[in-house]
Amino acid sequence: MIRHPLVFLWFGLLSVGCDKPDSPHPDPGVATTSAKAVRRGHEPRGPVPGTPAALRRILGAASRIESTSVRERALADLAWNAMEIDPGLSIEAFLQLPTDSPERIRLIKHYAMRMAERDADEALAWAATAGSEQEIAAAKSQIALILAETDPHRAADLLSESGIVGHEFDVAVVQVIQRWAAKSSPDAAGWVSSFPPGAARQAGIRAVVAQWLPRDAAAAFAWLGTLQDGEIRTEAARAMEGVILQQPEETRESWLRHADASIRSELEQQRSQAILDVGDNIPAPEE
């Protein structure tokens, strides 16, 4: 993944790195001379742009930039560009960014995800060394998303233990549950029902029933009937009614044939709230 043309990053940073310390602007002649040499078919002296050796020199030049904002931008660009060419150097670059900064968090999450695609255990070992608690949690949340494809139960456990909180946790929960519910809706429903009250549980329940109803409406309604916790049961009925309302009339009737009168009544009691949830996504009545 090349976010910026490496040749321009190479020439630009070399010109910055070769300036005298008190020079406020890079010497454009360095890039111009090198660019002309490339156009004439002659390689500029030193490492070839885009190679690990060249990236190493760019890292050195970027690290010496005096302006904080320019240095951080150069390091971030280098980290993204080096991700596939030299992952170790990419790590060196983004670890020079401020701890918990948005760009460093994004890089850590992406690197953790790429590593987990190859070896989840190796990725987890690396995540434990990522830095702050926030950075470790961010890395683990991405690893959980990869694990959810093959081992959703382990992914759920990892996410629960990750320490990630707030909106980012809610988003990760929904993504893991969507994958888990596609494989085993009852297990996913059991996990999310164990959550404390809050947005994550509500979003998780919605994700489960959205997967479960189309595949086995009877089992989904049976699960609703087993819920003993009144608050969770209300959230589940509201989520189900919202999913049902978004279906064509024929599909609604097909699903509701599997619900007894008490379950139907329970769903109808949540209709006004469910309508607020789904907004304009309710199909017009068939003529």
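The structure displayed is predicted, hence computed values, not measured ones.
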Residue pair [X] / [Y], side-chain heavy-atom distance below 4.5 Å:
X: Ile136; Y: Glu133; value: no
X: Asp86; Y: Thr51; value: no
X: Leu89; Y: Leu78; value: yes
X: His110; Y: Arg106; value: no
X: Phe221; Y: Leu213; value: yes
X: Ile177; Y: Trp191; value: yes
X: Val243; Y: Met240; value: no
X: Tyr111; Y: Pro87; value: yes

Kindly write out the residues that satisfy salt bridge (charged side-chain N to carboxylate O under 4.0 Å, His left out) with [X], not counting sequence neighbours, or none if the list is empty.
X: Glu266; answer: Arg233
X: Arg56; answer: Glu92
X: Arg271; answer: Glu241
X: Glu122; answer: none

[X] side, atom [atom1]; [Y] side, atom [atom2] - distance, nearest 0.5 Å:
X: Glu268; Y: Ile263; atom1: CD; atom2: CD1; value: 11.5 Å
X: Ile244; Y: Arg264; atom1: CD1; atom2: CZ; value: 9.0 Å
X: Ile232; Y: Leu224; atom1: CD1; atom2: CG; value: 11.5 Å
X: Leu158; Y: Leu147; atom1: CG; atom2: CG; value: 6.5 Å
X: Ser101; Y: Glu72; atom1: OG; atom2: CD; value: 6.5 Å
X: Asp119; Y: Glu117; atom1: CG; atom2: CD; value: 12.0 Å

Kindly give the heavy-atom pair with the smallest separation between [X] and [Y], and that separation in Å.
X: Val176; Y: Pro152; result: CG1-O, 4.4 Å
X: Ala112; Y: Ala123; result: O-CB, 4.0 Å
X: Arg154; Y: Leu124; result: NH2-CD1, 3.4 Å
X: Ala79; Y: Ser90; result: O-OG, 2.6 Å
X: Leu227; Y: Ala236; result: CD1-CB, 3.8 Å
X: Val208; Y: Ala189; result: CG1-CB, 3.8 Å

- Got a sec, which hydrophobics cluster with Leu245, joining ILVMFWY side chains under 4.5 Å apart, including via others?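 Hydrophobic cluster check, Leu245: joined to Ile275, Val278, Ile282.
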
- Query: Which other residues belong to the hydrophobic cluster containing Ile146, where Ile, Leu, Val, Met, Phe, Trp and Tyr are joined when side-chain heavy atoms lie under 4.5 Å apart, directly or via other members?
  - Reply: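 Direct or chained contacts put Ile146 with Met113.
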
Report whether [X] and [Y] are members of the same hydrophobic cluster (ILVMFWY, side-chain heavy atoms less than 4.5 Å apart, transitive linking).
X: Ile143; Y: Val174; result: no
X: Leu145; Y: Val171; result: no
X: Met115; Y: Trp80; result: yes
X: Trp212; Y: Leu267; result: yes

[X]: which residues meet the side-chain hydrogen bond (donor to acceptor under 3.5 Å, both in side chains) condition with it, sequence neighbours left out?
X: Ser262; result: Asp260
X: Glu149; result: Arg179
X: Gln96; result: Ser63
X: Ser69; result: Ser67

- Query: For His153, does the NE2 atom have more than 12 heavy-atom neighbours from other residues, nucleotides or ligands under 6.0 Å away?
  - Reply: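 No.
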
- Query: If you measure from the Lys or Arg side-chain nitrogens to the Asp or Glu carboxylate oxygens, is any gap between Arg104 and Asp100 under 4.0 Å?
  - Reply: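 Asp100 and Arg104: not salt-bridged.
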
Would you confirm whether [X], through its side chain, and [Y], through its main-chain N or O, come within 3.5 Å as a donor-acceptor pair?
X: Gln228; Y: Thr226; value: yes
X: Arg252; Y: Gln247; value: yes
X: Ser185; Y: Ala181; value: yes

- Task: Walk me through it: do Ile105 and Glu135 pass the test side-chain contact (heavy atoms from CB on, under 4.5 Å)?
- Result: CA-CA 6 Å; Ile105 292 288; Glu135 292 176 354; 3.4 Å; yes

- Would you list the pairs meeting salt bridge (Lys or Arg N to Asp or Glu O under 4.0 Å) in which at least one residue belongs to residues 213-232, sequence neighbours left out?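 Checked against salt bridge (Lys or Arg N to Asp or Glu O under 4.0 Å) - neighbours excluded - the pairs reaching residues 213-232 are Arg201-Glu231.
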
- Query: Using the ring of each side chain (for Trp, its six-membered ring), is Trp126 parallel, tilted or perpendicular to Phe94, with breaks at 30° and 60°?
  - Reply: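 Because their plane-to-plane angle is over 60°, the rings of Trp126 and Phe94 count as perpendicular.
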
- Message: The criterion is side-chain contact (heavy atoms from CB on, under 4.5 Å); which residues satisfy it with Arg238, sequence neighbours excluded?
- Response: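 Expected list: Gln270, Gln273, Asp277.
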
